[in-house]
Structure formats: structure tokens, C-alpha cells
Amino acid sequence: QVQLVESGGGLVQAGGSLRLSCAASGRTFSVYSMGWFLPAPGKEREFVAAISGSGSRTIYADALKGRFTISRDNAKNTVWLQMNSLKPEDTAVYYCGADRRITLTTNPGEYDYWGQGTQVTVSS
């Protein structure tokens with residue numbers, strides 16, 4: 001069982017930056033791939049970014065590549081999402097998920113655990 005707690009959301013002006021954190025419980029954090037997702041009306045959550053258990057591999061949604069960076073520190077049981085050059089359309093609740101599979105996936109249905117989300121609001 002893994003419990004995830006996101007933090008770091010808030011209100012920021014367009015062009016600004018935020019760093020989201022996702023803290024995980026448990027001693028086996030490094031075996032989980034971690035991902036960040038957005039809610040998607042009428043369907044499963046929308047993929048943002050994911051990172052392998054070791055941190056050596058990352059994947060991003062094409063539209064966000066270059067602005068967002070995912071990273072992790074297994075010693076701290078934490079994964080981060082650095083969000084730069086924020087736009088009003090980035091406004092959403094951001095969720096982190098944990099996936100026991102080795103293969104990185106953009107499919108939210110393959111993630112086993114979820115946090116409660118953190119709200120990001122970008123003003124114009």
C-alpha cells in the first residue's frame with residue numbers, strides 16, 4: 001500500500017512557475033514509476049509526465065514538453081513536477097499516481113495509487 005500526498009499548488013500569474021511535490025509513504029518507493037495527471041472531462045485523467053523508479057527515464061505529454069520537468073528523490077520518497085512559463089490553460093487539479101509496473105505508461109488506468117490532488121490556478 002502506498003499513500004500519496006500532493007502539495008505545492010497555488011495561485012500564480014501567467015508566465016510564472018510552480019513546483020508541485022508528491023510525498024509517498026512506504027519503504028519501496030523506488031520500485032514505483034510515478035506520474036502526474038490532470039482531470040479530463042468525460043474520460044480518464046490526462047497524462048502530464050512520468051518517471052521511472054530509478055529516475056533514469058522520463059516521458060512527457062507532447063504539448064507540455066519543454067515547460068514541465070518531472071524528477072524524484074527516492075531517499076526522500078518524493079517526486080516533483082516543475083512547471084515553468086505557466087499559462088491560464090494550465091489551471092487544474094494535478095494528481096500524482098504510482099505504478100508498480102516497470103514500463104512507463106501514459107495510461108492512468110494502469111496506475112495503482114493516487115493522491116488527492118493539488119490545485120493550480122494561473123491568472124492572466
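Evaluation of the salt bridge (Lys or Arg N to Asp or Glu O under 4.0 Å) rule for Arg100 yields Asp112 as partners, not counting sequence neighbours. The side chain to side chain contact (heavy atoms under 4.5 Å, CB included) search around Ser7 returns Ser21, not counting sequence neighbours. Residues passing the side chain to side chain contact (heavy atoms under 4.5 Å, CB included) test with Ser124, sequence neighbours excluded: Pro88. Every residue two or more places apart in sequence or in another chain was checked for a side chain to side chain donor-acceptor pair (under 3.5 Å) with Thr103, and none qualifies. Residues that satisfy the side chain to side chain donor-acceptor pair (under 3.5 Å) test with Asn77, not counting sequence neighbours, are absent from this structure. The ring-ring contact (aromatic ring centres under 6.0 Å, His included) check on Phe47 picks up Phe37, with sequence neighbours excluded. For Ser30, the side chain to side chain contact (heavy atoms under 4.5 Å, CB included) partners at least two apart in sequence or on another chain are Asn74. Evaluation of the side chain to side chain contact (heavy atoms under 4.5 Å, CB included) rule for Thr105 yields Asp99, Asn107, Glu110, Tyr111 as partners, not counting sequence neighbours.
Contact check for Glu46 versus Pro39: no side-chain heavy atoms found under the 4.5 Å cut-off. Within the 4.5 Å cutoff, the side chain of Ser52 has no heavy atoms near those of the Thr58 side chain.
Counting only residues at least two apart or in different chains, salt bridge (Lys or Arg N to Asp or Glu O under 4.0 Å) contacts with residues 70-84 are absent. For residues 73-104, no residue pair satisfies the ring pair (Phe, Tyr, Trp, His ring centres under 6.0 Å) rule, not counting sequence neighbours. Listed by first then second residue, pairs satisfying salt bridge (Lys or Arg N to Asp or Glu O under 4.0 Å) with a partner in residues 55-64 read Asp62-Lys65, not counting sequence neighbours.
Other residues, nucleotides and ligands contribute only 12 or fewer heavy atoms inside 6.0 Å of the CD atom of Gln13.
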Kindly list each side-chain donor-acceptor pair under 3.5 angstrom involving residues 114-122, sequence neighbours excluded, with atom names and distances?
from	atom 1	to	atom 2	distance (Å)
Gln116	NE2	Glu6	O	3.2
Thr118	OG1	Gly9	N	3.1
Gln119	NE2	Ala92	O	3.4
Gln119	NE2	Thr121	OG1	3.4

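Summarising the geometry, atom OG1 belonging to Thr69 is positioned 10.5 Å from atom CZ belonging to Arg19; distances are rounded to the nearest 0.5 Å. If you take CE on Met83 and CH2 on Trp36, they are separated by 8.5 Å, rounding to the nearest 0.5 Å. In this structure, CD on Gln82 lies 5.5 Å from OG on Ser17, to the nearest 0.5 angstrom. Interatomic distance, CG of Asp90 versus NZ of Lys87, reported as 7.0 Å (0.5 Å rounding). Rounding to the nearest 0.5 angstrom, the gap separating the SG atom in Cys96 from the OH atom in Tyr32 is 13.0 Å.
Partner of Ile59 under the side chain to side chain contact (heavy atoms under 4.5 Å, CB included) criterion, out of Ile70, Leu104, Ile51, Val48: Leu104 alone. Applying side chain to side chain contact (heavy atoms under 4.5 Å, CB included) to Leu18 and the options Leu11, Leu86, Asn84 leaves one that passes, Leu86.
Nearest heavy-atom pair across Ser33 and Arg101 is OG-O, 3.3 Å. Nearest heavy atoms, Val2 versus Ala24: CG1-CB, 4.2 Å.
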